[in-house]
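Report on the structure given below.
Throughout, protein chains are lettered first and strands after them, A, B, ... in sequence-line order, and every chain is numbered starting at 1. Because only heavy atoms are used, hydrogens play no part in the values below, and waters and symmetry mates are left out as well, while side chains stay in.
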Amino acid sequence: MKESYFPQEIEKKWQKVWEETGAFKTTNDSNKPKYYALSMFPYPSGKLHMGHVRNYTITDVIARFKKAQGYNVLHPMGWDSFGLPAENAAMKHGANPETWTDENIAYMTKQLKMLGLSYDWDREVTTCKPDYYKWTQWLFLQLYKKGLAYKKEAAVNWCEECGTVLANEQVIDGKCWRCDSIVEKKYLSQWFLKITDYADILLEDLNKLTGWGDNVKTMQANWIGKSHGAIFKFKVKEIEGMEVPVYTTRPDTVHGITYLVVAPEYRDIEKLTTAENKSAVESYRANARKMTEIERLSTERTKTGVPLGTHCINPFNGEEFPLWTADYALVEYGTGAVMAVPAHDTRDFDFAKKYNLPIKVVIQNPNNPSECKEAAYTEPGILINSNGFNGMNNEEAKQAITEKAVKEGFGEFKTQYRLRDWLISRQRYWGAPIPIVYCEKCGIVPVDEKDLPVLLPKDVDFSVVGKSPITTSKTFIETTCPHCGGPARRETDTMDTFMCSSWYYLRYSDAKNTTKPFERELVNKWLPVDQYVGGIEHAILHLLYSRFFTKALRDLGLLDFDEPFKNLLTQGMVLKDGSKMSKSKGNTVDPDEIFENYGADTARLFILSDSPPARDFDWSDAGVEGCYKFLNRVWRLIATNAEDISLDFELPEQLTKENDDLVRVVNIAIKGITNDIANDFQFNTVISKYRELTNAIYDWRNKKSELKNEDKLVLSFAITSLIKLMSPVAVHLTEEAWHELGAKTSIHDEAWLTWDENLAKASSITLVVQINGKLKDKLEVDEGLSQEELQKIATESPKIKELISGHEIVKIIVVPKKLVNIVIK
RNA sequence: GCUCCAGUGGCGGAAUCGGUAGACGCGUUGGACUUAAAAUCCAAUUGGGCGAAUAACUCAGUGCCAGUUCAAGUCUGGCCUGGAGCACCA
């Protein structure tokens with residue numbers, strides 16, 4: 001065996017062997033239990049970055065570990081390959097998005113193979129290929145038939161830079177998630193998916209996801225934003241038969257209404273405006289339209305508004321109050337109108353102060369029972385000035401007051417969600433075309449399923465500005481109506497790429513199917529995903545959409561489970577010098593360079609070594625160097641002892657009983673490493689245990705000048721165990737070493753190791769002796785001693801004897817096998 | 001403002017149940033080997049006190065302040081700081 005470790009040679013060699021022998025292919029028929037390990041698939045942006053390396057290494061180690069434990073493992077990979085960067089690159093370089101994407105996929109595939117990832121490439125999925133997007137379109141049609149896909153005119157988020165609309169989830173702080181430019185509101189007719197139909201169950205089922213972190217679940221719960229309240233309808237005094245409904249979570253404060261606000265975009269606002277107020281209201285609305293979302297939503301800005309001139313009547317007490325419009329009311333939420341109770345709502349209070357509107361207290365503030373001058377009182381309390389409800393606790397009053405409104409016909413209980421429907425139209429080329437045609441006679445007509453896929457046209461001009469390149473195609477737009485056969489026009493919008501990524505994990509179960517998106521039996525066999533690994537940035541977007549898709553497809557009868565991802569690991573970011581690696585900061589590290597200089601095994605080991613997977617990981621060149629040295633050290637250990645190691649050894653019984661320390665150390669390592677992986681995949685401590693074991697073997701070996709036969713057996717046991725334990729991480733090194741030692745089969749086909757509980761602990765116990773809870777002495781004692789014996793040993797230790805002499809012993813606590821605490825005065 | 005997460009040496013981090021705080025590594029310092037360097041190996045490395053130094057001893061110490069307990073990094077209450085998410089959502 002060579003004395004030196006040459007990762008570049010070894011790695012290429014084994015990657016080739018694994019590929020040729022189909023080492024990582026998964027079969028559907030196996031009587032082993034299934035395990036589905038999945039990384040979030042990448043966008044083929046050009047090259048892998050360290051975030052990818054971290055993500056895929058984590059999942060790969062999990063997949064290999066589970067395979068060794070006897071599971072039939074599905075570990076696939078694919079490409080989230082539709083999207084704007086391809087189109088932008090095409091426009092910039094005059095190339096074609098497809099060519100650009102294919103080249104990137106080819107390069108990144110090569111990189112993934114260099115990392116030694118155990119994918120079953122036969123199940124590769126590429127969302128921009130017709131054999132995939134045919135089924136994305138097919139699923140859209142099923143959703144459409146079920147009434148879950150619909151078109152409507154609405155105020156939508158428009159990114160001028162990207163030239164397309166965006167879903168709410170893709171607007172971050174009023175800016176586009178992709179290009180960071182300011183998002184505007186536009187009124188457009190667009191396609192939506194009715195995710196709001198599932199709002200309640202998406203929230204409810206978060207409870208089932210015990211394998212998800214609370215952070216992700218709370219983010220989703222906040223995003224869905226469920227609140228309980230009531231709708232009240234107020235008659236307009238000046239207009240016969242007209243009512244303004246409001247949504248409130250504080251029906252208990254209804255007697256304290258002193259005005260009412262409608263959003264500037266409120267649909268009946270013109271009717272509600274008197275002739276005198278018309279011009280003021282018009283200019284206020286025009287101004288609101290001009291403002292960006294960011295300006296409008298800024299909480300620092302003082303509230304503004306103008307009166308409409310009309311009034312409403314409060315049916316609870318007959319009081320009249322004026323109608324205003326103000327942009328702190330949002331047209332998309334609730335009814336677009338707010339009942340204002342300045343005494344008990346901070347925003348209403350600010351507004352009332354500014355415009356001198358009355359403030360009427362209806363919930364008693366214990367510190368200031370009848371006035372409200374400084375700030376709104378928003379805490380619970382007892383009702384006053386509320387007719388028949390005076391003296392009632394406000395929580396009860398919510399119920400009682402709404403019940404009264406229901407009974408008298410001017411109100412109802414209402415549950416409201418913050419979640420809006422998912423806007424899926426995009427005015428871009430590089431996406432799956434929405435399979436819809438518009439016919440003058442028949443209107444909106446879905447494409448016939450047998451005519452799928454609706455292929456992306458090739459005859460497009462990517463240099464056009466201000467419209468989607470797809471609209472330049474001469475062959476695409478004009479078509480015939482599937483219904484009447486007459487002339488019709490194709491939908492030119494494509495689907496949000498998140499549509500494609502909302503079901504890819506299902507397709508892996510049956511990636512080659514040409515007659516349906518997946519066979520029901522296979523999808524039910526493999527799903528749900530047992531372990532999903534990816535970035536926290538998808539906490540809402542992709543993970544919420546996928547949960548919705550799964551539930552919708554279950555309701556369509558395509559599958560029989562209701563949550564797609566049983567366990568979720570959100571890996572932390574890869575940092576360099578304390579900030580996220582990014583091209584703009586210039587602190588990126590190119591994986592290719594690491595592969596070339598140190599090899600993939602070093603990269604894999606290092607990316608797992610320093611931080612637990614969920615936490616951020618700080619990249620350091622010294623750390624890489626350290627891992628490379630460690631692998632060299634492991635290699636030398638094996639190489640220098642190769643002649644004394646046999647693979648088909650058997651430990652004689654007396655060795656397993658007679659306390660050979662190294663045998664114990666190995667058992668401790670097997671137990672510790674197995675438990676660390678089982679316990680939230682703590683790979684950082686797994687790796688520290690590799691080092692401890694390696695150090696222990698070196699120490700043991702250095703103490704022996706000559707090896708007896710028995711010693712050789714122990715050494716063989718220790719080294720082969722080390723090789724197997726390290727095999728999920730250092731995949732190439734361990735395979736090479738295994739074969740160098742004479743193996744004919746792969747280390748990766750060997751079963752995971754088990755340990756002997758009796759040997760997985762030290763031969764003696766360190767008894768800790770404390771006085772008043774402070775460590776005073778340590779004693780080596782036998783394991784089996786009774787509490788009385790331990791107490792005797794502790795109190796008779798010379799050190800302790802001296803310390804307690806002259807003191808009164810109050811109490812002695814003995815923890816078996818661990819410690820004795822003597823309490824003295 | 002609301003919600004969630006985190007805070008431990010010079011640094012990354014470790015510590016099933018409340019029971020030896022600082023595993024393992026990085027860095028640093030010293031040494032061995034070498035003509036020299038690289039590589040490798042060995043040793044020290046929380047802070048303070050006493051010490052020429054070593055050893056021994058001793059006090060303090062897991063963001064802060066209280067509490068529970070024989071015993072708190074770990075449990076409870078109240079803060080502080082940092083990060084993330086949401087946010088005029090009525």
Side-chain angles (χ1 to χ4, degrees), chain A residues 4 172-173 213-223 225-227 229 246-250 253 260-261 263 296-303 326-330 332-341 344-348 350-351 378 416-420 536-537 539-540 573 575 578 606 609-612 614-627 629-630 632-633 636 672 675-676 679 682 684-695 698 702 766-778 810-815 817-824:
Chain A
S4 306
I172 315 289
D173 289 335
D214 283 338
N215 52 345
V216 179
K217 286 193 278 187
T218 351
M219 277 161 78
Q220 291 210 358
N222 288 344
W223 187 260
K226 184 178 186 175
S227 68
V246 299
Y247 171 71
T248 180
T249 53
R250 294 295 305 274
T253 63
L260 189 150
V261 177
R296 250 189 86 166
L297 295 184
S298 163
T299 41
E300 272 98 71
R301 198 168 70 88
T302 53
K303 294 176 177 42
D327 59 12
Y328 79 91
L330 305 173
E332 318 94 79
Y333 187 74
T335 62
V338 184
M339 64 178 224
V341 185
H344 306 294
D345 181 280
T346 323
R347 294 152 300 178
D348 298 343
D350 293 346
F351 193 81
T378 56
Q416 181 72 38
Y417 298 91
R418 220 190 59 105
L419 182 72
R420 315 277 159 76
I536 186 77
E537 66 274 18
I540 294 172
M573 290 185 298
L575 314 176
F606 175 56
S609 67
D610 265 8
S611 297
R615 255 197 261 180
D616 287 351
F617 175 87
D618 212 334
W619 183 275
S620 81
D621 296 335
V624 184
E625 195 73 37
C627 285
K629 283 183 186 169
F630 172 63
N632 272 284
R633 193 166 143 79
R636 268 197 313 277
N675 288 344
D676 282 355
N679 182 18
Q682 288 184 49
N684 53 329
T685 55
V686 167
I687 286 160
S688 74
K689 285 173 176 122
Y690 292 163
R691 291 177 186 270
E692 281 173 352
L693 179 57
T694 307
N695 292 344
Y698 265 110
N702 290 341
T766 307
L767 182 73
V768 171
V769 187
Q770 299 178 329
I771 292 178
N772 291 344
K774 300 210 168 183
L775 171 75
K776 293 295 168 183
D777 202 4
K778 292 184 202 176
V810 182
K811 195 180 198 182
I812 298 182
I813 288 122
V814 181
V815 182
K817 299 182 186 181
K818 235 178 204 160
L819 106 175
V820 174
N821 186 16
I822 304 166
V823 186
I824 60 170

Short side-chain N/O contact from Tyr247(A) to OP1 or OP2 of A90(B), under 4.0 Å: no
Can you tell me the Watson-Crick or wobble partner of G67(B), both distances under 3.5 angstrom? C75(B)
Need one value for Asn215(A): base, sugar-phosphate or nothing, where a base atom within 4.0 Å counts as base even if backbone is also close, heavy atoms only. sugar-phosphate
Heavy atoms from C-beta onward define the side chain here; which of A90(B), C88(B), A15(B) lies closest to that of Tyr333(A)? A90(B)
Counting just side-chain N and O atoms, does Lys811(A) come under 4.0 Å of either OP1 or OP2 of C70(B)? yes
Between Leu693(A) (CG) and C24(B) (C1'), how many Å, whole number? 13 Å
When you measure from the side chain of Val338(A), which nucleotide among C41(B), A90(B), C4(B) comes out closest? A90(B)
Spacing between Phe351(A) atom CZ and A90(B) atom P, to the nearest angstrom: 18 Å
Which part of the nucleic acid, if any, lies within reach of Asp350(A) when heavy atoms closer than 4.0 Å are counted: base, sugar-phosphate only, or nothing? nothing
Let me know, please, whether Asp214(A) or Asp618(A) comes out on the 5' side of the other along RNA chain B by nearest nucleotide. Asp214(A)
When the distance from NZ of Lys776(A) to C1' of U20(B) is rounded to whole Å, what number comes out? 13 Å
Atom-pair distance (CD on Glu692(A); C1' on A14(B)), nearest Å: 10 Å
Are Arg615(A) and G12(B) close enough that a side-chain N or O sits under 4.0 Å from OP1 or OP2? no
Pair assignment for A43(B), Watson-Crick or G-U wobble, requiring both distances under 3.5 Å: U29(B)
Check every atom of A90(B), U40(B), A14(B) against the side chain of Thr685(A) and return the nucleotide holding the closest atom. A14(B)
Who pairs with C86(B) - Watson-Crick or G-U, where each distance is under 3.5 Å: G1(B)
Val823(A) near the nucleic acid: base, sugar-phosphate alone, or nothing, with a heavy-atom cut-off under 4.0 Å? sugar-phosphate
With the 90 degree cut-off around zero defining syn, does C86(B) come out syn or anti? anti
Report the residue (Ser609(A) or Ile813(A)) whose heavy-atom-nearest nucleotide on RNA chain B is the more 5′ of the two. Ser609(A)
U3(B) and A87(B): how far apart are their P atoms, nearest whole angstrom? 16 Å
G-U wobble or Watson-Crick pairing nucleotide for U34(B) (cut-off 3.5 Å, both distances): none
Would you say the side chain of Arg633(A) lies within less than 4.5 Å of the side chain of Lys629(A), judging by non-hydrogen atoms? no
CG-CG distance between Asn821(A) and Asn772(A), expressed to the nearest 0.5 angstrom: 7.0 Å
Paired nucleotide for A14(B) [Watson-Crick or G-U wobble; both distances under 3.5 Å]: none
In whole Å, what separates the C1' atom of G22(B) from that of C33(B)? 32 Å
N or O in side chain of Arg420(A) less than 4.0 angstrom from C89(B) OP1/OP2: no
Who pairs with G22(B) - Watson-Crick or G-U, where each distance is under 3.5 Å: none
Is G9(B) in the syn range, within 90° of 0, or in the anti range? syn
Between G85(B), A23(B), U20(B), which nucleotide gets closest to the side-chain atoms of Ser688(A)? A23(B)
Does a distance-only test, which skips hydrogens and angles, find a donor-acceptor pair under 3.5 Å between the side chain of Asn821(A) and the base of C70(B)? yes
4.5 Å side-chain heavy-atom contact, Tyr247(A) and Ser227(A): yes
Nucleotide paired to G7(B) in any strand shown, Watson-Crick or G-U, under 3.5 Å: C80(B)
Does the side chain of Asp610(A) reach to within under 4.5 Å of the side chain of Asp618(A), using non-hydrogen atoms? no
Lys774(A) vs G61(B): side-chain N/O to OP1/OP2 distance below 4.0 Å: no
Under 4.0 Å between a side-chain N/O of Asn684(A) and OP1 or OP2 of C24(B), yes or no? no
Would you call Lys689(A) and Asp676(A) a side-chain contact if the rule is heavy atoms closer than 4.5 Å? yes
Could you please name the option among A87(B), C24(B), U40(B) that lies closest to any side-chain atom of Asn695(A)? C24(B)
Check whether any side-chain nitrogen or oxygen of Arg691(A) sits under 4.0 Å from OP1 or OP2 of A14(B), and answer yes or no. no
Would you classify Glu625(A) as touching base, sugar-phosphate or nothing, given that sugar-phosphate means primed atoms plus P, OP1 and OP2, and contacts are heavy atoms under 4.0 Å? nothing
Using a 4.0 Å heavy-atom cut-off across all strands, classify Arg418(A) as base, sugar-phosphate, or nothing. base
Starting at CE of Met573(A) and ending at P of A84(B), how long is that distance when rounded to a whole Å? 8 Å
How long is the line joining CG of Asn702(A) and P of C42(B), in whole Å? 7 Å
Please report the distance separating the P of A44(B) from the corresponding atom of G25(B), rounded so that it comes out in whole Å. 13 Å
Hey, are Arg418(A) and Asn222(A) close enough side-chain-wise for a donor-acceptor pair under 3.5 Å? no
Watson-Crick or G-U wobble partner of G51(B), both distances under 3.5 Å: none
Round to a whole Å and report the spacing from CG of Asp616(A) to C1' of A84(B). 10 Å
How far does the P atom of G7(B) sit from the matching atom of A14(B), given to the nearest Å? 9 Å
Taking the C1' atom of each, how far is U8(B) from U46(B), in whole Å? 10 Å
When the C1' atoms of U62(B) and G9(B) are considered, how many whole Å apart are they? 10 Å
Go through A39(B), U3(B), U20(B) for me and flag the one nearest to the Asn222(A) side chain. U3(B)
In whole Å, what separates the P atom of C75(B) from that of G18(B)? 9 Å
Can a side chain N or O of Thr248(A) be found less than 4.0 Å away from OP1 or OP2 on A90(B)? no
Identify whether any heavy atom of Gln682(A) sits under 4.0 Å from a base atom; if not, whether one sits that close to sugar-phosphate; answer base, sugar-phosphate or nothing. sugar-phosphate
If you apply the rule ring pair (Phe, Tyr, Trp, His ring centres under 6.0 Å), what do you find for Phe617(A) with Phe606(A), and how did you get there? CA-CA 10 Å; Phe617(A) 175 87; Phe606(A) 175 56; 5.1 Å; yes
Spatial distance of atom NZ (Lys818(A)) from atom CD1 (Ile813(A)) [nearest 0.5 Å]: 15.0 Å
Tyr690(A) OH to C24(B) P, straight-line distance once rounded to whole Å: 17 Å
Answer with base, sugar-phosphate or nothing: what part of the nucleic acid does Lys217(A) contact at a heavy-atom distance below 4.0 Å? nothing
Mind checking the CD-CG spacing from Gln220(A) to Asn215(A)? Nearest 0.5 Å is all I need. 10.5 Å
C1' gap between G10(B) and G27(B), integer Å: 8 Å
Rounded to the nearest 0.5 Å, how far apart are NZ of Lys303(A) and CG of Asp327(A)? 9.0 Å
